[in-house]
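Any value given below was found using the heavy atoms of this structure, including those in side chains, with hydrogens, waters and symmetry copies removed. For clarity, every value in this text was computed on a predicted model and none was experimentally measured. Both counts, for ligands and for their atoms, begin at 1 and track the order of listing.
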Amino acid sequence: MSDPNCIFCKIIAGEIPCWKIYEDDHVLAYLDIGPLSEGHCLIIPKKHYVTIDQMPTDEAAACMAVVPKLSKAVIAATGAAGWNVLQNNHQVAGQAVDHVHIHIIPRNDGDGLGFRWPAGELDAETAKSLQSKIAEQLG
Ligand code: 5GP
Ligand code: ZN
């Protein structure tokens, strides 16, 4: 459940240092080394999974359980006006490190990070088709 070539597994093993801010049996959280804003941090499972769909429900839940309390602490510590919770899967979605991680990114007016959300429109035919295909996958 560890990948010797994974930089985040090396952090978990203590082979690479980090600025740890939270730890429990399943989860580690630390400051991002290349922060997009002050307080940018990462929550990771202690076991190596590349993408979130590979995770057992209880381990994903253990990671998500940290999000509210860590968000609260980071926002109180930095005084940020808001924050994004971001989780990238695969290179096409911006994943650079192949070990599941959840970003907490504090946001402020004028922080220059931007927010691209080119919303489309959902027509009924597409919605109906997607709804049944996804439901079928869920079983
Ligand atoms: P991704 O693009 O995969 O969603 O995000 C990977 C994040 O991991 C980036 O924000 C990057 O700055 C951070 N990162 C990469 N290597 C290290 C490291 O060795 N230590 C820490 N603390 N963060 C890292
Ligand atoms: Zn790993």
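Distances from the Zn ion (ligand 2) to each N, O or S atom of His99 single out ND1 as the nearest.
Of all protein heavy atoms, the one lying nearest to atom 2 (O) of ligand 1 is Gly94 O, 2.7 Å. For atom 5 (O) of ligand 1, the closest heavy atom belonging to the protein is His101 NE2, 3.1 Å. Protein heavy atom at the shortest distance from atom 8 (O) of ligand 1 is Phe8 CZ, 3.5 Å. Scanning all protein heavy atoms for the shortest distance to atom 22 (N) of ligand 1 gives Leu31 O, 2.9 Å. Counting protein heavy atoms only, atom 14 (N) of ligand 1 is closest to Ile33 CG2, 3.8 Å. Protein heavy atom at the shortest distance from atom 19 (O) of ligand 1 is Ile7 CD1, 3.6 Å. Of the protein's heavy atoms, Val97 CG2, 3.9 Å lies nearest to atom 15 (C) of ligand 1. Nearest protein neighbour of atom 9 (C) of ligand 1, counting heavy atoms only, is Asp32 OD2, 3.3 Å.
Contact annotation: for Trp19 versus ligand 1, there are no heavy atoms closer than 4.0 Å. Contacts of Leu86 with ligand 1, taken as heavy-atom pairs under 4.0 Å, are absent altogether. Using a 4.0 Å cut-off between heavy atoms, Ile16 makes no contact with ligand 1 at all. Contacts between Asn88 and ligand 1, counted as non-hydrogen atom pairs separated by less than 4.0 Å, involve the side chain only. At a heavy-atom distance under 4.0 Å, only side-chain atoms of Ile11, from C-beta outward, approach ligand 1. Residue contacts with ligand 1 for Ala96 involve both N, CA, C or O and side-chain atoms from C-beta outward (heavy atoms, distance under 4.0 Å).
Transitive grouping of hydrophobic side chains (ILVMFWY, heavy atoms separated by less than 4.5 Å) keeps Ile102 and Ile44 in distinct clusters. Note: the hydrophobic cluster containing Leu70 also contains Val85 (ILVMFWY, side chain heavy atoms under 4.5 Å, direct or indirect links). A single hydrophobic cluster is not seen to contain both Val66 and Ile105; linkage of ILVMFWY side chains at heavy-atom distances under 4.5 Å, directly or through other members, places them apart. At a threshold of 4.5 Å between side-chain heavy atoms, the hydrophobic network of Ile, Leu, Val, Met, Phe, Trp and Tyr places Ile104 and Leu36 in two separate groups. Put simply, Ile43 and Ile75 are part of the same group of oily side chains (I, L, V, M, F, W, Y) that touch within less than 4.5 Å, one to the next.
More than 12 heavy atoms of other shown residues, nucleotides or ligands fall within 6.0 angstrom of atom CD in Glu23. Heavy-atom contacts from other residues, nucleotides or ligands closer than 6.0 Å to CE of Met55 number more than 12. Within 6.0 Å of CD in Glu15 there are more than 12 heavy atoms belonging to other residues, nucleotides or ligands. Atom NE2 of His103 sits in a crowded spot, with more than 12 heavy atoms from other residues, nucleotides or ligands closer than 6.0 Å.
Residue His103 places at least one N or O, backbone or side chain, under 3.5 Å from an N or O of ligand 1.
Put simply, the angle at the Zn ion (ligand 2) from ND1 in His48 to SG in Cys9 is close to 100°, to the nearest 10°.
The Tyr30 neighbourhood of ligand 1 comprises atoms 21 (C), 22 (N), with distances under 4.0 Å to a heavy atom of that residue.
His90 places no side-chain N or O within donor-acceptor distance of the main-chain N or O of Val50, the cut-off being under 3.5 Å.
Classified by interplanar angle (parallel below 30°, tilted 30° to 60°, perpendicular above 60°), the ring pair Phe8/His101 is perpendicular.
Here the shortest heavy-atom pairing between Cys41 and Val74 reads SG-CG2, 3.8 Å.
Heavy-atom separations between Cys18 and ligand 1 are all 4.0 Å or longer. Look at Gln87 and you'll find every heavy atom at least 4.0 Å from all atoms of ligand 1.
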